[in-house]
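Before any comments, here is the structure.
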2 protein chains.
Amino acid sequence: MSNIGSNADGLTASPSGACCAPLASVSLDPAAAADMAKMFKAMGDPVRLRLLSLIAAHPEGEVCVCDLTDLFDVAPPTISYHLKLLREAGLVDHERRGTWVYYRPMRDRLYRLSALLAAPDLTGIPK
Amino acid sequence: MSNIGSNADGLTASPSGACCAPLASVSLDPAAAADMAKMFKAMGDPVRLRLLSLIAAHPEGEVCVCDLTDLFDVAPPTISYHLKLLREAGLVDHERRGTWVYYRPMRDRLYRLSALLAAPDLTGIPK
DNA sequence: CCTCTATATTGACCTCCATCTAAGTTTGGA
DNA sequence: TCCAAACTTAGATGGAGGTCAATATAGAGG
């Protein structure tokens, strides 16, 4: 973070000069990368990815935690811990209604990640 | 993994019965989740995500390691370590030509992840 | 060959993470 | 008011992960 200028799009133009290739054109700047990485990291655990998938796949658009715990081989506190990480990564939202707690996917954030991966240059800007 | 039947698509039909909602319809099965999670995990580190972005964004379609090391605040062995993880996750490919080593993105795998996130139910099957 | 350069591997270190048990909190009902 | 159910939080622990310095390997060039 010194000779690299960035803009509001979270992109960075790399400096030229190297051993064998011209320049790195445009790519994610460190700040944007950190935010994206947090989301990817949250999905980087099999239990959390399955949790996210189950939440996103639910026809009602939300899932009660009580419906999730039985599907895994880990104890309820562990499920709670993973859901917390998914929340902190901004991938799911939650709401308490009565005794139960319901989780919803945050689709705008998921689409943003999808767009990042769909862009040939991984800049987050498709097309 | 017991009462959950899966098929070749990497999807799982969940059993019914729960406290407050019907059933979890269809979602990633544990095996598919593990494979996907490995890729997401590889992108879950800021250094690795930036590396991947730099590699994917390069106009030549490939990048010399020598062009990458200077862009980060970590020592060369650390860059090498991160590139190895990206390789093992199947996100990049590499080839040695003379003294230098070049890395290329594996776009089919990246598109697959993109499709997973684009699907409203995170099944990996868009539409 | 010998050596220099470019990467990779090894080993050590320390932090972070996934998991559990046990205890706390919130809510609804007897 | 008291208890039980549904989560969540706290504390502990074993293991995985990121980093570096030191060493190894692979080519290119003399």
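Letters A, B, ... mirror the listed sequences (proteins, then strands); counts begin at 1. Every value quoted in this text rests on a predicted model; they were computed, and no experiment measured them.
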- Message: Rounded to whole Å, please give me the gap between OH in B:Y81 and C1' in C:dT10.
- Response: 14 Å

- Find the distance A:D70:CG to D:dA6:C1' and express it as a whole number of Å. 12 Å

- Task: Please work out if B:I79 contacts a base, only the sugar-phosphate, or nothing of the nucleic acid, heavy-atom cut-off 4.0 Å.
- Result: nothing

- Where each residue is assigned the nucleotide of DNA chain C containing its nearest heavy atom, which of A:T99 and A:V47 is assigned the position nearer the 5′ end? A:V47

- How long is the gap from OG1 on B:T78 to CG on B:D73, to the nearest 0.5 Å? 11.0 Å

- With nearest nucleotides of DNA chain C determined for A:G98 and A:A75 from heavy-atom distances, which residue corresponds to the more 5′ nucleotide? A:A75

- Message: Under 4.0 Å from OP1 or OP2 of C:dT7: is there any side-chain N or O of B:K84 that close?
- Response: no

- Separation of D:dA26 atom C1' from B:E95 atom CD, nearest Å, is 15 Å

- Query: Atom CG of B:L85 to atom P of D:dG18: distance rounded to whole Å?
  - Reply: 6 Å

- Task: Mind calculating the distance between CG (A:L83) and C1' (D:dC7) to the nearest angstrom?
- Result: 10 Å

- Message: As a quick check of understanding, evaluate side-chain contact (heavy atoms from CB on, under 4.5 Å) for B:H94 and B:L83, giving each step before the final call.
- Response: CA-CA 9 Å; B:H94 74 310; B:L83 288 172; over 6 Å; no

- Report yes if a side-chain nitrogen or oxygen of B:Y103 is closer than 4.0 Å to either non-bridging phosphate oxygen (OP1 or OP2) of C:dA8; otherwise report no. yes

- C:dA18 OP1/OP2 closer than 4.0 Å to side-chain N/O of A:R48: yes

- Item | C:dA8 OP1/OP2 closer than 4.0 Å to side-chain N/O of B:H94 | no

- Side chain of B:S80 (C-beta onward), nearest among C:dT19, C:dT9, D:dA6: C:dT9

- Message: Would you say A:T78 places a side-chain N or O within less than 4.0 Å of OP1 or OP2 belonging to C:dA18?
- Response: no

- Message: Please check: side-chain N/O of B:R107 versus main-chain N/O of B:A56, any donor-acceptor pairing under 3.5 Å?
- Response: yes

- Message: What is the separation between atom NE2 on B:H82 and atom P on D:dC20, rounded to the nearest whole Å?
- Response: 9 Å

- Is A:R50 reaching over with its side chain to a backbone N or O of A:L71, donor-acceptor style, under 3.5 angstrom? yes

- May I have the distance from A:R87 (atom CZ) to D:dT9 (atom P), rounded to whole angstrom? 6 Å

- Item | OP1 or OP2 of D:dA16 under 4.0 Å from side-chain N/O of B:K41 | no

- Message: Using only atom types and a distance under 3.5 Å, with no angle test, would you say the side chain of B:R112 pairs donor to acceptor with the backbone of B:M36?
- Response: no

- Note on the structure: Taken to the nearest whole Å, CZ/A:R50 to P/C:dA18 is 16 Å

- Message: Just to be sure I understand the rule, does B:P77 reach a base, reach only the sugar-phosphate, or reach nothing, if contact means heavy atoms closer than 4.0 Å?
- Response: base

